[in-house]
Amino acid sequence: MNSPLWTLDEIVAATGARVGSGFKQATGASIDTRTLEPGDLYFAIKGDVHDGHDFVPAALEKGASGAVVSEEKAAAFSSDKLIIVPDVLDAMRQLGRAARKRTDAKIVAITGSVGKTGTKEAMRLALSRQGATHASVASYNNHWGVPLTLSRMPRETTFGVFEIGMNHAHEILPLTAMVRPHVAVITTIEPVHIEFFPSLWGIADAKGEIFSGIEPGGTAVINRDSPYFERMKAHALASAAGRVISFGENEAADIRAERIIVKPDQSIVEARVFGQPITYRIGTAGRHIALNSLSVLATCHALGADLALVALSFADLKPPVGRGERTMLRMGADEALLIDESYNANPASMRAALANLGAVELSRQARRIAVLGDMKELGEKGPGLHEELAEAIESNKIDLVFAAGPLMQNLVDRLPKAKVVLHAQTSAELVDEVCAAIRPGYAVMVKGSLSMKMALVVKALKERYGASATAHALKG
Ligand SMILES: Nc1ncnc2c1ncn2[C@@H]1O[C@H](COP(=O)(O)OP(=O)(O)O)[C@@H](O)[C@H]1O
Ligand SMILES: [Mg+2]
C-alpha cells in the first residue's frame, strides 16, 4: 500500500496544529463536502458565500479523516477529529509548502489570459505517460485552489502541473512562490479581467510575476506571437530562470508551428522543435488548441521528456467540458453539429470559437449559427469589444446570430438585421427559438460568460434532439 498523503506527525510539523485523538492520517484533501472522499482531510475554508465551518459535521459524516478548523470556531464541535489552527487557509498553505518541500517532482506552473486549463490538461495527458503526474482539478488556480492542489500532491509524484490565475496585479506572486516551478508557462496575454487593469501591458506584467517563483536555472516558456513577448521575456530574464523557450508561429519561435490544419474534429500540426521537424494530430479542433500544444512541447522539452510520446498523446486530447466539446444532434436520419463553448467567454476565446465554427465545412444550403451571451468583466471597454465581434461574425461566415444580454446590443447594432434572429436579456429566453432554428446539416456554437448561463441552451438542444458523442464531418 502507498503511504498516506499526510501523517499526523507531518501535519503537526507543517502547521503546529493541536490534533484530536481520533485523527490518524489523511489519504486526500478537500474543501468541499460535495466532492469529499472518505479519508480526506477537510479544510473549513471561509469563502465569499459560505463558511466551511458550517459543513464540518457533514464532512465528518461523509468519512473525513479530520477537520481543520480555526481556534475561534473549534468550541462549536465535539468531534475528536478536529485539527485546530489559528487560520485554516494559512494551514492549508503551510501543508502545501510542505508538499512542495518533500517532493522530488518536476513542477510546471501555467498562467495566461486564456488557455490555462486546456494547456494544463494537455500537459497532464502528455506527462502522465512518462511518470506519476499530479495536476490541478478543473480551474483551481487561485488563493485556495493552488494551495489545495499542492496539499493534494502525493509524495510519489514525478510531475506536478499547476494552473495559476489572477484577477489583479500581485496575486500570482505568493502562488508562484508556493509552487516554485521548474518550468513556468505564459499561454497568452489578452483582454480578460481588464476592468482591473489600465492596459494589456499591466496584464503582461502581472502574468510575468509567475517567473518570480521559478527555481534557479529553471525555464520560462513564452508565447512568441504575442505583442507582449519582449515584456514577458524581460520578466523572465529578471528572474532566477536560466532559460527562455519561445513558442508560436513566428519564425523566431524555438517551438514553431509551420502549418496547422483544422479538421471538423481534430487538428494536424507540422512543427519544429529547435529546428527538428515533428508532425502530430490533436484530437480537438482549433488553431488555438494547436498553438497551446506548442507550449506543451516546449515544457516537455525543458523537462527532458520523450517528445515523440508527447506528440502521440495529443491524439487523445479531448476538450474540457464547455470548451469546444462537439456533439451531433440527431434529427431523424440526419444530424446537426453542436459546439459547446458555454463554459465562459472573453474576446480572445470568443474569436477562437467563432473561427472554429467558421472552419466547419457545411453543405451549401446549411447554416452556421452562433448563440452568444455577454462577455463580462471587461469594464468600460466592454461595449467596444462586443461591437468588434462583428468582424469575426463576418469573416467566419456565420449566418445566424442569437444573442443574450445587454452588452450584446453593441454587436447586434453592428450586424445586418437579417442575421440576428433574436436578441434577449437572458439565455433562457433564447432556448425555444434556437431549438426551432436547427436543421439537418447545420452547425451551432454556444458561448458566453459563465454567469450568462449559456449552458441552458446546450442542455435544451441535447435534450430535444438527443446527442451522440463523436463529431464528424457534416459534408458528404
Ligand atoms: N490560445 C488561445 N487563444 C484563444 N482562445 C483560447 C486559447 N486557448 C484556449 N482558448 C479558449 O479560451 C477558453 C478558455 O480556455 P481555458 O483553457 O479554460 O482557459 P483558462 O483556464 O485560461 O480560462 C476556451 O473557450 C478555449 O477554447
Ligand atoms: Mg482555467
Side-chain angles (χ1 to χ4, degrees), residues 109-125 135-142 145-146 149 161-167 171-172 175 185-193 200 203 206-207 210 221-229 247-250 253 255 257 260 262 267 269 282-296 298 317-326 339-359 370-373 375-377 385 389 392 396 445-450 452 454-455 458:
I110 304 167
T111 194
S113 300
V114 287
K116 295 181 292 297
T117 299
T119 303
K120 181 249 308 172
E121 289 303 326
M123 213 85 87
R124 183 210 295 273
L125 184 68
S136 315
V137 168
S139 280
Y140 285 10
N141 63 25
N142 62 4
V146 172
T149 305
V161 184
F162 294 82
E163 177 171 335
I164 299 185
M166 61 109 192
N167 293 326
E171 283 177 356
I172 289 182
L175 301 177
V185 182
I186 302 181
T187 57
T188 54
I189 303 297
E190 299 284 351
V192 178
H193 300 306
L200 266 69
I203 296 189
K207 302 290 182 196
I210 197 166
V221 174
I222 312 178
N223 189 330
R224 190 68 188 73
D225 298 336
S226 171
Y228 305 94
F229 170 72
F247 69 94
E249 291 181 285
N250 190 300
I255 316 294
I260 299 172
V262 179
S267 314
V269 186
I282 306 179
T284 302
R287 287 185 67 72
H288 57 299
I289 309 291
L291 292 169
N292 294 347
S293 76
L294 302 172
S295 74
V296 179
L317 192 67
K318 293 285 164 264
V321 176
R323 296 176 185 83
E325 201 181 6
R326 294 178 176 218
I339 306 178
D340 175 7
E341 283 274 1
S342 62
Y343 167 70
N344 221 337
N346 54 61
S349 65
M350 195 61 113
R351 277 213 178 72
L354 289 167
N356 252 356
L357 180 57
V371 184
L372 309 178
M375 304 179 289
K376 302 283 187 71
E377 299 177 39
L385 289 165
L389 290 179
N396 290 301
M445 186 277 288
V446 183
K447 191 167 185 71
S449 272
L450 185 61
M452 290 306 299
M454 302 309 290
V458 170

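Residues: numbered from 1 along the sequence shown. Values below: all heavy atoms of this structure, side chains included; hydrogens, waters and symmetry mates excluded. Atoms within each ligand, like the ligands themselves, are counted from 1 in listed order. Quick caveat: nothing in here was measured; it's all calculated off a predicted structure.
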Write out the residue and atom name of the closest protein heavy atom to atom 20 (P) of ligand 1, then the distance separating them to 0.1 Å. Lys116 N, 3.5 Å
Going by an N to O cut-off under 4.0 Å, is there a salt bridge joining Arg351 and Glu190? no
CA sep, side-chain torsions, deciding dist, call: Glu377, Ser449, side chain to side chain donor-acceptor pair (under 3.5 Å): CA-CA 9 Å; Glu377 299 177 39; Ser449 272; over 6 Å; no
If you take the nearest heavy atom of each of Val114, Thr119, Asn292, which one is closest to atom 8 (N) of ligand 1? Asn292
Any Thr188 heavy atom less than 4.0 Å from ligand 1: yes
Which residue supplies the protein heavy atom nearest to atom 24 (C) of ligand 1, what is that atom called, and how far is it? Glu341 OE1, 3.9 Å
Could you list the atoms of ligand 1 found under 4.0 angstrom from a heavy atom of Glu163? 21 (O)
Please state whether Gly324 comes within less than 4.0 angstrom of ligand 1, counting heavy atoms only. no
With nothing but distance in play, are any N or O atoms of Ala352 less than 3.5 Å from an N or O of ligand 1? no
Whether Asn141 has an N, O or S atom under 2.8 Å from the Mg ion (ligand 2): no
Identify the closest protein heavy atom to atom 12 (O) of ligand 1: which residue and atom is it, and at what distance? Ser349 CB, 3.0 Å
Are the side chain of Lys116 and the backbone of Gly112 linked by a donor-acceptor contact shorter than 3.5 Å? yes
By atom name, which N, O or S atom belonging to Glu163 lies closest to the Mg ion (ligand 2)? OE2
Among all protein heavy atoms in this structure, tell me which lies nearest to atom 17 (O) of ligand 1, with the distance rounded to 0.1 Å. Gly118 N, 2.7 Å
Ile210 to Ala109 - nearest heavy-atom pair and separation: CD1-CB, 3.8 Å
Test log, rule side chain to side chain contact (heavy atoms under 4.5 Å, CB included), inputs Asn141 and Leu175: CA-CA 9 Å; Asn141 63 25; Leu175 301 177; over 6 Å; no
With a cutoff of 4.0 Å, is Glu190 in contact with ligand 1, counting heavy atoms of the residue only? no
Would you say Glu121 contacts ligand 1, with heavy atoms under 4.0 Å as the rule? no
Output the list of atoms in ligand 1 that are nearer than 4.0 Å to some heavy atom of Lys447, sorted by atom number. 25 (O)
Using a plain distance cutoff, I'd like to know if His288 has any nitrogen or oxygen under 3.5 Å from a nitrogen or oxygen of ligand 1. yes
Nitrogen or oxygen atoms of Thr117 and ligand 1 under 3.5 Å apart: yes
Return yes or no for this condition: an N or O of Arg323 is under 3.5 Å from an N or O of ligand 1. yes
Please write down residue, atom name and distance for the protein heavy atom closest to atom 19 (O) of ligand 1. Gly115 N, 2.9 Å
Looking at ligand 1, does any of its N/O atoms fall within less than 3.5 Å of an N/O of Ile289? no
Work out the angle at the Mg ion (ligand 2) between OG1 of Thr117 and OG of Ser139, rounded to 10°. 70°
